[in-house]
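From a predicted model like this one, the values you see are computed outputs, not experimental measurements.
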Amino acid sequence: MTRRGEPAPVADETPTKPITTPEKERVETRPAPRGPRPRASIFATLTLIAGVMAALAVLTGVLAGYGIALGAVTVLLSIAGIAATSKRHVAGKSDAMLGLVLGLAAIVVGVLVVTDQLTWLTTASDKVGELRNWLDAQTVDRF
């Protein structure tokens with residue numbers, strides 16, 4: 001039954017055949033090789049932690065000497081971290097490299113602080129105390 005005088009639909013009687021792909025176009029999927037899961041190198045992680053601590057110690061001003069020493073330890077740890085991450089299934093090379101950069105930067109800035117080459121940061125200045133006092137003055141009426 002059709003609506004408003006439309007002709008009845010005609011069924012398509014053309015024979016169909018299944019679509020096949022040629023042998024050359026077929027992609028064979030192989031499962032990924034299984035092995036131990038990558039683990040993070042403890043030296044790389046320690047390098048990153050020590051690098052951040054060295055950079056923060058140098059930026060306080062008062063602890064610049066300790067920051068230089070910790071920066072030197074960070075450089076040594078980063079060499080061990082980079083060597084450890086060169087092995088298969090050991091991750092953390094970027095952590096070790098970032099720790100190396102932070103350690104070297106802490107050494108350079110620390111030497112500049114100790115030799116009074118930076119006017120805004122010296123071993124006599126306590127930037128952490130100054131920051132605390134400034135924050136207290138800014139937030140005295142807010143909390």
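Across all their heavy atoms, Gly71 and Ala54 have their closest contact at N-CB, 3.7 Å.
With hydrogens and angles disregarded, no donor-acceptor distance shorter than 3.5 Å links the side chain of Thr122 to the backbone of Leu118.
Rounding to the nearest 0.5 angstrom, the gap separating the OG atom in Ser41 from the NZ atom in Lys87 is 8.5 Å. The line from OG1 of Thr85 to CE of Met97 is 9.0 Å long, rounded to the nearest 0.5 Å. Interatomic distance, CG of Leu100 versus OG1 of Thr74, reported as 9.5 Å (0.5 Å rounding). Here the OG atom belonging to Ser78 is positioned 12.0 Å from the CG atom belonging to Leu46, to the nearest 0.5 angstrom. Here CG of Leu56 is found 9.0 Å from CG of Leu102. Values are rounded to the nearest 0.5 Å. Within the model, atoms CD of Glu130 and CG of Leu135 stand 12.0 Å from one another, a figure rounded to the nearest 0.5 Å.
Two different hydrophobic clusters hold Ile49 and Val52 under the rule that ILVMFWY side chains link at heavy-atom gaps under 4.5 Å. Under the 4.5 Å side-chain heavy-atom criterion for Ile, Leu, Val, Met, Phe, Trp and Tyr, Ile42 and Leu77 are members of the same hydrophobic cluster.
Counting heavy atoms from C-beta on, the side chains of Asp95 and Thr47 never come closer than 4.5 Å.
Each of Thr60, Val113, Leu112 was checked for a side-chain contact (heavy atoms from CB on, under 4.5 Å) with Leu121, and the lone residue meeting it is Val113. Just one of Val114, Leu70, Val109 meets the side-chain contact (heavy atoms from CB on, under 4.5 Å) condition when paired with Val58; it is Val109.
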